[in-house]
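A short write-up of the structure that comes next.
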Amino acid sequence: MPKRILTGTVTSDKNEQTITVSVERRFKHPLLQKTVRKSKKYRAHDAENKFKVGDTVRIEECAPISKTKRWTVVIDASA
């Protein structure tokens, strides 16, 4: 099974080698037919501490690194 890759914005970089990424998804509500925006936060492994708040990044699913980290940063999405 392929690993999932998501694109989101860094919302926190306060922890060592960890960033918090907010990923927003849009979908049409099944009954109201209105476009709904939902966001979810993921904690991702950033080995070099090079990403800062506001950066757009791509994260990839991986084996558990800690209690909350199951994602790693692939590359800066704006590059």
Side-chain angles (χ1 to χ4, degrees):
M1 192 163 106
K3 295 180 180 179
R4 290 186 294 165
I5 296 177
L6 302 174
T7 304
T9 306
V10 178
T11 56
S12 174
D13 63 349
K14 294 185 189 237
N15 294 351
E16 191 70 22
Q17 294 188 339
T18 303
I19 58 173
T20 303
V21 180
S22 180
V23 176
E24 183 182 282
R25 66 186 190 96
R26 293 176 182 213
F27 63 95
K28 191 168 274 200
H29 190 279
L31 181 64
L32 302 177
Q33 299 301 310
K34 177 182 176 179
T35 302
V36 181
R37 290 175 16 180
K38 272 202 175 191
S39 63
K40 186 172 178 180
K41 290 183 180 178
Y42 296 93
R43 294 170 60 84
H45 185 66
D46 176 19
E48 293 130 32
N49 287 322
K50 66 178 184 178
F51 297 104
K52 301 298 175 203
V53 175
D55 291 348
T56 302
V57 295
R58 294 177 72 194
I59 56 175
E60 179 181 51
E61 210 172 19
C62 68
I65 298 169
S66 71
K67 181 181 174 183
T68 56
K69 282 198 286 187
R70 275 104 173 96
W71 298 82
T72 56
V73 177
V74 176
I75 193 166
D76 188 6
S78 62

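FYI, the numbering just counts along the sequence from 1. On a predicted model such as this, the values are computed, not experimentally measured, just so you know. The basis for the numbers below is simple: all heavy atoms, side chains too, and nothing from hydrogens, waters or symmetry mates.
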Are L6 and I19 linked, directly or through other ILVMFWY residues, by side chains that come within less than 4.5 angstrom of each other? yes

For E61, give me all partners under side chain to side chain donor-acceptor pair (under 3.5 Å), at least two apart in sequence or on another chain. R4

Could I get the full list of side-chain contact (heavy atoms from CB on, under 4.5 Å) partners for K67, not counting sequence neighbours? none

Just wondering, do F51 and V21 contact through their side chains at under 4.5 Å, heavy atoms? no

Taking only residues two or more places apart in sequence or in another chain, which ones pass side-chain contact (heavy atoms from CB on, under 4.5 Å) with E60? K3, I5, T72, V74

How about D46 and D13: do any of their side-chain heavy atoms sit closer than 4.5 Å? no

Hits for side chain to side chain donor-acceptor pair (under 3.5 Å) against N49, two or more places apart or cross-chain, chain-then-number order -> E16

Go through the structure and list residues passing side chain to side chain donor-acceptor pair (under 3.5 Å) with T20, not counting sequence neighbours. none

Taking all non-hydrogen atoms of both residues, which atom of I59 and which atom of A44 are closest, and how far apart? CG2-CB, 3.8 Å

Between OG1 on residue T18 and NE2 on residue H45, distance to nearest 0.5 Å: 7.5 Å

Work out which heavy atom in S22 is nearest to a heavy atom in T11; give both atom names and the distance. CB-CG2, 3.6 Å

For R70 and P64, work out which heavy atoms get closest and say how close. NH1-CB, 3.6 Å

Enumerate donor-acceptor pairs with a distance under 3.5 Å from any side-chain N or O in residues 30-42 to protein atoms, sequence neighbours excluded.
unit_1 : atom_1 : unit_2 : atom_2 : d
Q33    : NE2    : P30    : O      : 2.9

Under the side-chain contact (heavy atoms from CB on, under 4.5 Å) test, residues paired with T68 that sit two or more places apart: R43, S66

